[in-house]
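Below, chain A is the first sequence line, B the second, and so on; all start at residue 1.
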Protein chains: 2
Amino acid sequence: MKNENKYPIKAVAQKTGLSVHVIRAWEKRYNAVVPNRTETNRRLYSESDIEKLQILLKLTDQGHNIGGIANLSIDELRDLVEDRQEPRMENYKVQREVRQPTDPDKYFTSCLKSVYALDLKELESTLYKASVSFSQPVLLDRIIIPLITHIGDLWKEGEIRVYHEHMVTASLRGFLSNLIDTSKNSESAPKILATTPQGQLHELGALIVSAVASSEGWNVTYLGPNLPAEEIVGAAEQLNCKAIAISIVYPLDDYMLRKELIKFKQILPDNISLLVGGKGARGYLDVLEEIGARVILDIANFKKSLSAIRENKYN
Amino acid sequence: MKNENKYPIKAVAQKTGLSVHVIRAWEKRYNAVVPNRTETNRRLYSESDIEKLQILLKLTDQGHNIGGIANLSIDELRDLVEDRQEPRMENYKVQREVRQPTDPDKYFTSCLKSVYALDLKELESTLYKASVSFSQPVLLDRIIIPLITHIGDLWKEGEIRVYHEHMVTASLRGFLSNLIDTSKNSESAPKILATTPQGQLHELGALIVSAVASSEGWNVTYLGPNLPAEEIVGAAEQLNCKAIAISIVYPLDDYMLRKELIKFKQILPDNISLLVGGKGARGYLDVLEEIGARVILDIANFKKSLSAIRENKYN
DNA sequence: TTTTACTTGACAAATACTCGACAAGAAGTT
DNA sequence: AACTTCTTGTCGAGTATTTGTCAAGTAAAA
């Protein structure tokens, strides 16, 4: 058994939500928890000390007076805790069973309709429903990505107005950032940074990339669109990222963007991979080759590159 | 296996957010991290050195005293780190709502720290906790709005880099769009559209506006930044909005923006109110008067205008 | 030369410790 | 209902320890 007296009083206070005053008072008055001390008389608590304090807090919230329960053992305390009602599994089950196997395409067209109608509520609730019915890959591949590319096409052809595109972006951004959920993947997962280079205001591509990378177990930081090369690299370095993913949508050939991309050659460290995707990437193949970037043509391709980088075949 | 000792102390300071003084002090006093040296006695840190320092910093924020943890191994340290993701709701809600340092300022400074460290996870989890502990107005007035204005100031003074500002934007956007939650307010609630005019890429102001309006019971459609006047009005008309809120941050006087604003005079229907806010709005008072816009100076002001419009005293 | 990094020693602010006191509320008594 | 008494969270004063910061002098780099 390890000697686990590792927590100073401040950490205990933060973990339990008690104030340091109260922790000391409980010790002095009732010997609720008597921690070991360092040579210089500082308190050092063990994990079970903390657990006991947590239970005591819960019990006092439930009406017990601290003086009466403080000197009980952990086991005795546990018996006192009223267990709250069980999680409501039934609800979930019912949903699952009732749900009929539907076609992703139906959701897709339904989303599209909402976009035309500028009906945000409808769009979001459809997306939400879809996210319950389908796995994340299906959701991405069959609904969200088609939706985005379709919107992109319509926009280029002038079939829809700018505000349509903005609305979809805003809406999907919210939806996808839920999907990404930074806290999901562990600290130790490899990190990737997603953004678009300066001048590129269309961020949906970068959002897709973020969602895919997240579902592949990466730790994604999404920085929004329109960042200069130095900033992208600076952020990637500070975050210790293994890779940078940038998305280029439009236009197909832009002198400024070309200049912006070339900057990467100078400032990108060896141990960071650069992935470039999006419809617009084709227009810059020569520059991309020169700066040593990987060009991503589709999602499958992107996933492959991710796992290659992860296994250090590259970098 | 390359044992890469390639980071000089300055780089380490930038990556970790610690000062060079502190890094050296930790080495001298506790041998926290003992880097290799060049032939001329300069420190050269490895990646794992940096990682250890980052973990140490996080742990000190979590209440550990540096002297007590500095000589632990990386693995031992990792075990100590709180991976606070699964708040078992029962514990959390009951405890946190009642107890905890109920000081919004603490959350504010804690958020600011996370921004400096580029620690998205930490930032979002702090915001989440704050949203549990405080009412929405307090959350907005005491934490989020100060955070945004502070970031804005730092940015203007060149104290932080562009990617800091982007990170906060991306993160807050996700967070606020949850807060706004389009489906919350009823169909019959008055509608408002929030955005920024063409050329204005800073969207945080518009996001605040959205959050406030939503908490006042409006039905908010957030269209993201950088929309031409025709598009804004077009969208407002199609959505049957009672009001349009646009945010101007910077620069204080821009010819293009002036032109953009004047367009509203031509195309804005009588039954739609135009509200203009943000630090940058002061620079355009003359134009704004001409186009019949309401200038919003602060949040209280904004709320008043909203209820006035709602009651049809105006429009 | 000017800037940056290194070491050492010193200082001051922050933090933790003990003890004692106070006040609001709960519980018991008249 | 009014009055004790008890419980318990909070605070302050005084002391000790911990820790971030800085200055001075030297060495290396630009």
Nearest-Å distance for atom pair [atom1]/[atom2], residues [X] and [N]:
X: A:His21; N: C:dT15; atom1: NE2; atom2: P; result: 12 Å
X: B:Lys10; N: D:dA29; atom1: NZ; atom2: P; result: 16 Å
X: A:Asn65; N: C:dG28; atom1: CG; atom2: P; result: 10 Å
X: A:Tyr7; N: C:dT15; atom1: OH; atom2: C1'; result: 20 Å
X: A:Ile66; N: C:dG25; atom1: CD1; atom2: C1'; result: 17 Å
X: B:Leu18; N: D:dT21; atom1: CG; atom2: C1'; result: 14 Å
X: A:His64; N: D:dG9; atom1: NE2; atom2: C1'; result: 19 Å
X: A:Glu39; N: C:dA16; atom1: CD; atom2: P; result: 18 Å

Charged N to carboxylate O below 4.0 Å: is that the case for [X] and [Y]?
X: B:Asp75; Y: B:Arg78; answer: yes
X: A:Glu237; Y: A:Lys191; answer: no
X: B:Asp119; Y: B:Lys58; answer: yes
X: B:Arg43; Y: B:Glu27; answer: yes

Check whether any side-chain N or O of [X] sits under 4.0 Å from OP1 or OP2 of [N], and answer yes or no.
X: A:Ser19; N: D:dT10; value: yes
X: B:Thr40; N: C:dA5; value: no
X: B:Arg43; N: C:dC6; value: yes
X: B:Arg42; N: C:dT4; value: no
X: B:Tyr30; N: D:dT19; value: yes

Requested in this report: Pick base, sugar-phosphate or nothing for A:Lys28, based on heavy-atom distances below 4.0 Å to the nucleic acid.
Outcome: base

Query raised in the report: When we call it a touch if two heavy atoms are under 4.0 Å apart, what does A:Arg29 touch: a base, just sugar-phosphate, or nothing?
Result: base

Query - Euclidean distance, B:Leu172 CG relative to B:Ser177 OG, rounded to 0.5 Å - result: 10.5 Å

Report task. For DNA chain C, find the residues of residues 44-51 of chain A with a heavy-atom distance under 4.0 Å and give them by number; none if there aren't any. Result -> none

**Report entry** Five-pair end axes of the helix from C:dT1-D:dA30 to C:dT30-D:dA1, angle between them (10°)
**Finding:** 40°

**Report entry** Of A:Arg258, A:Lys265, A:Lys263, the residue whose pairing with A:Glu290 passes salt bridge (Lys or Arg N to Asp or Glu O under 4.0 Å)
**Finding:** A:Lys265

Are a donor atom and an acceptor atom from the side chains of [X] and [Y] found within less than 3.5 Å of each other?
X: B:His166; Y: A:Glu231; value: no
X: A:Ser73; Y: A:Glu76; value: yes
X: B:Ser171; Y: B:Glu124; value: yes

Query - Heavy-atom closest pair, residues B:Asp49 and B:Pro35 - result: OD2-CA, 4.1 Å

Report task. Identify, between A:Gly67 and B:Val22, the residue whose nearest nucleotide on DNA chain D lies closer to the 5' end. Result -> A:Gly67

